[in-house]
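Before any comments, here is the structure.
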Number of protein chains: 2
Amino acid sequence: MSRIEKPADSDPARNALRTGKPTLKTIAEITGLAITTVSRALGNAPQISETTRRRVHEVAAEIGYLPDRAAQRLKTGRTNVVSVLLDPHEEILGFGTSIMHGLARALQGTAYHLIVTPNFLDGSNVDAVNYIIRNGMADGLIFSRTEPFDPRVRLLLENGFPFVTHGRTEFSIPHAFVDYDNFAFAYAATRRLIVKGRRKVTIILPPRRLTFYQHMLHGFMTAVREAGAAYEIPEALDLDSPADMIRDYVRRRSAEPDPPDGFACPGEVSALATITGMSDRGLSLGGEYDIVAKQTSRLLSQIQPKVETIYEDLTAAGEAMGRLLLKRIGGEPIEDLTILQSPQLSFPTP
Amino acid sequence: MSRIEKPADSDPARNALRTGKPTLKTIAEITGLAITTVSRALGNAPQISETTRRRVHEVAAEIGYLPDRAAQRLKTGRTNVVSVLLDPHEEILGFGTSIMHGLARALQGTAYHLIVTPNFLDGSNVDAVNYIIRNGMADGLIFSRTEPFDPRVRLLLENGFPFVTHGRTEFSIPHAFVDYDNFAFAYAATRRLIVKGRRKVTIILPPRRLTFYQHMLHGFMTAVREAGAAYEIPEALDLDSPADMIRDYVRRRSAEPDPPDGFACPGEVSALATITGMSDRGLSLGGEYDIVAKQTSRLLSQIQPKVETIYEDLTAAGEAMGRLLLKRIGGEPIEDLTILQSPQLSFPTP
DNA sequence: GAGCCAATTTAAAACGTTGTAAATTTGCGG
DNA sequence: CCGCAAATTTACAACGTTTTAAATTGGCTC
């Protein structure tokens, strides 16, 4: 344990300062230990004596050592990276923001970095997934807007690559997911409109290919049937339609016979577009018609307090997804790696 | 060039398939060349014969070789990564989206990956910059919302780290930037309101600490003074204020004596909030008051076509920033690495 | 103090790539 | 067919880390 025979000359330390990059070697030279030992000590390996463990940690902290991620990655094959696949559609109005907020929180304090892979690259989302798998760009993947037989999910399952989706699928093999109970949302929203005495309700549904289209439709229809209420469902329109298309549709429809006067809007943009379309006809929110909207940011209720909203806490979803993914990467079995969020009545307190 | 003596047994290829990861070694074994040669050939080094160069490329393509980024990074010290620092404030309503779209386009076809470092991590943006520099997490950095003496810029300049900002600073040392001519925007917007015959104009300014606060103020004041128009500037409010605060302010102010009837809104959220605040008082856009807004997405004009808008093409800005950064990383001098975008009258065609 | 086990430390190899320097082949004049 | 330069290919050593297997130390018993 004598650390005097090696003069521990100040070269390494000074050197580390000059090149700005202390490595295990630097610490080894300073402490007079072997590189292996230093590595072990920092990794809190069991066979290292408490004294050296402490000393190594001290020195490491002192010279500001940070492990070289490239080297770790090369050696271990693990990237310590979690990647989020962002779909253009979910980026508007801060979907990405909230989810990523939660993810960042879940990854806080772990060795994992969060990397956003924007989907714009070129082709479909599947290409991006393929690229990430084959290039070993990440240890785990997170994405949303699943389809019942989502090709990304299939690809990941086939390759045994850890992932968590936001949204369910209908594969027989289970996988980790976090989802919002859109059935419950649609049911509650429609119910509220009916209870308010609205004559005829309608809903703007997600694109048909997405899994939650069915959930949403089912919730809406259940509420409608229970109450024996009148309803209609716009065919040429979905949640991804541009705002002007939604606005124009609402405006046009409201001038035709027997228009709906209760709108379930599972998105803030669609709610705003609906308001504008109706007010173009001189119809006023809360007067001639009502809206119950799903709200994922504070924006809508801030601007238009008269819109009734039901919250989806995307930050919580992100945090949950992050935690599930870490477990999944750690090799935990899929069971219990699924979460269904219930709709919330008030804005989540951060 | 005979490639028969080494039986080129199918082991390496099969092996590569099994582990899923062809390396230089795999190609070397298949072609019977040395690893170094393969590396050279793929790098299109001059001293490689055309025949082997071609052959190596063929094989590489065939087995789907992709260089291991971790190894490259470890060896060369270059990460081939460009990082975007996202500030929470710019993420709402797709700022991040548009800029990243442009960035992705600029990086298309290069070896560079785009990585988004969300700022939520914990502390200030400066910490994130520091972390990236010290950890060598990227070869270049992009961020926005600069202050006149932005600490991030100072840090990066001190370390000679390549970066491009969205927004200018007042440092004496020049640096690469892309900025929007906010003076021109504010001037034009105010001018339009005055020309429309508005009695009293106002503007919602950015937070004081940001560089473009001055530009914006200056443009507004220039138009006001030229025309000798009446004006006012809300003190307790800025572009980052929550929408309800802006809405409430507008509503309150419009009930007091001598309220403004021309609003320059350098942001879409502030424009929406203003509309709501005014319509709560029964005042109608284009009638009792007008708005000229800065528009960075298609959302606002889709929902409210009556708002006059002046466009800022953030996608183009992103693309420009990407290109500048690549040049900067390549060691080009700063001169000519600055771009000032002019306001645009119509939505940019993609 | 020899012998032995456990505790602790170490040397050496490897991950996949690139840079340096040296080796091999080729072409060509004599 | 030798010699010699140019053209082409090669071996070897890194980059910083972890892993495997081996070496060293210390503490004990006899």
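Every chain is numbered from 1 and lettered A, B, ... according to where its sequence line falls, protein lines coming before strand lines. These figures come from a predicted structure and were not determined experimentally.
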B/Arg168, B/Met321, B/His166 screened by side-chain contact (heavy atoms from CB on, under 4.5 Å) with B/Phe177, the one that passes |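 One option only clears the test, and that one is B/Arg168.
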Using atom [atom1] of [X] as one end and atom [atom2] of [N] as the other, report the distance to the nearest whole Å.
X: B/Leu74; N: C/dC15; atom1: CG; atom2: C1'; value: 9 Å
X: A/Leu42; N: D/dT17; atom1: CG; atom2: P; value: 9 Å
X: B/Ile48; N: D/dA6; atom1: CD1; atom2: P; value: 19 Å
X: A/Lys21; N: D/dG16; atom1: NZ; atom2: P; value: 8 Å
X: A/Glu29; N: D/dG16; atom1: CD; atom2: P; value: 11 Å
X: A/Arg55; N: C/dT9; atom1: CZ; atom2: C1'; value: 16 Å
X: A/Glu50; N: D/dG26; atom1: CD; atom2: P; value: 19 Å
X: B/Leu33; N: C/dT25; atom1: CG; atom2: C1'; value: 14 Å

Its contact letters, B for base, S for sugar-phosphate only and - for none at protein heavy atoms under 4.0 Å, make nucleotides 17-22 of chain C read BBBB--
For B/Thr37, what residues pass the side-chain hydrogen bond (donor to acceptor under 3.5 Å, both in side chains) criterion, not counting sequence neighbours?
->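 Counting only residues at least two positions away or on another chain, B/Thr37 forms no side-chain hydrogen bond (donor to acceptor under 3.5 Å, both in side chains).
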Mind telling me whether B/Phe163 and B/Phe143 have parallel, tilted or perpendicular rings, with 30° and 60° as the class edges?
->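 Parallel, since the angle between the ring planes stays under 30°.
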Without placing hydrogens or testing angles, list every side-chain donor-acceptor pair under 3.5 Å for residues 135-142 of chain B, not counting sequence neighbours.
{"from": "B/Asn135", "atom 1": "ND2", "to": "B/Tyr131", "atom 2": "OH", "distance (Å)": "3.2"}
{"from": "B/Asp139", "atom 1": "OD1", "to": "B/Thr79", "atom 2": "N", "distance (Å)": "2.8"}
{"from": "B/Asp139", "atom 1": "OD1", "to": "B/Thr79", "atom 2": "OG1", "distance (Å)": "2.8"}
{"from": "B/Asp139", "atom 1": "OD2", "to": "B/Thr79", "atom 2": "N", "distance (Å)": "3.2"}
{"from": "B/Asp139", "atom 1": "OD2", "to": "B/Thr79", "atom 2": "OG1", "distance (Å)": "3.4"}
{"from": "B/Asp139", "atom 1": "OD2", "to": "B/Asn80", "atom 2": "N", "distance (Å)": "2.7"}

For the helix from C/dG1-D/dC30 to C/dG30-D/dC1, measure the angle between the helix axis at one end and the axis at the other, each built from five pairs, rounding to 10°.
->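 The end-segment axes of the helix from C/dG1-D/dC30 to C/dG30-D/dC1 are tilted 70° relative to each other.
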Please test B/Thr26 against B/Thr23 for side chain to side chain contact (heavy atoms under 4.5 Å, CB included), starting from the C-alpha separation and ending with a verdict.
-> CA-CA 5 Å; B/Thr26 322; B/Thr23 76; 3.6 Å; yes
Between D/dT9 and B/Ser49, is there an OP1 or OP2 to side-chain N/O distance shorter than 4.0 Å?
->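 True: B/Ser49 side-chain N/O within range (under 4.0 Å) of D/dT9 OP1/OP2.
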Looking only at non-hydrogen atoms, find the nearest pair between B/Ala28 and B/Ala34 and report the distance.
->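 Shortest heavy-atom contact: CB-C, 4.1 Å.
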Could you walk me through whether A/Leu107 and A/Thr110 pass side chain to side chain contact (heavy atoms under 4.5 Å, CB included), step by step?
-> CA-CA 5 Å; A/Leu107 265 39; A/Thr110 72; 4.1 Å; yes
Taking salt bridge (charged side-chain N to carboxylate O under 4.0 Å, His left out) as the test, write out the residues that go with A/Arg152, two or more places apart.
->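 Partners of A/Arg152 by the salt bridge (charged side-chain N to carboxylate O under 4.0 Å, His left out) criterion, ordered by chain and then number, come out as A/Asp150.
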Only counting residues at least two apart or in another chain, list the ones meeting salt bridge (charged side-chain N to carboxylate O under 4.0 Å, His left out) with A/Glu50.
->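 For A/Glu50, the residues satisfying salt bridge (charged side-chain N to carboxylate O under 4.0 Å, His left out) (neighbours in sequence not counted) are A/Arg53, A/Arg54.
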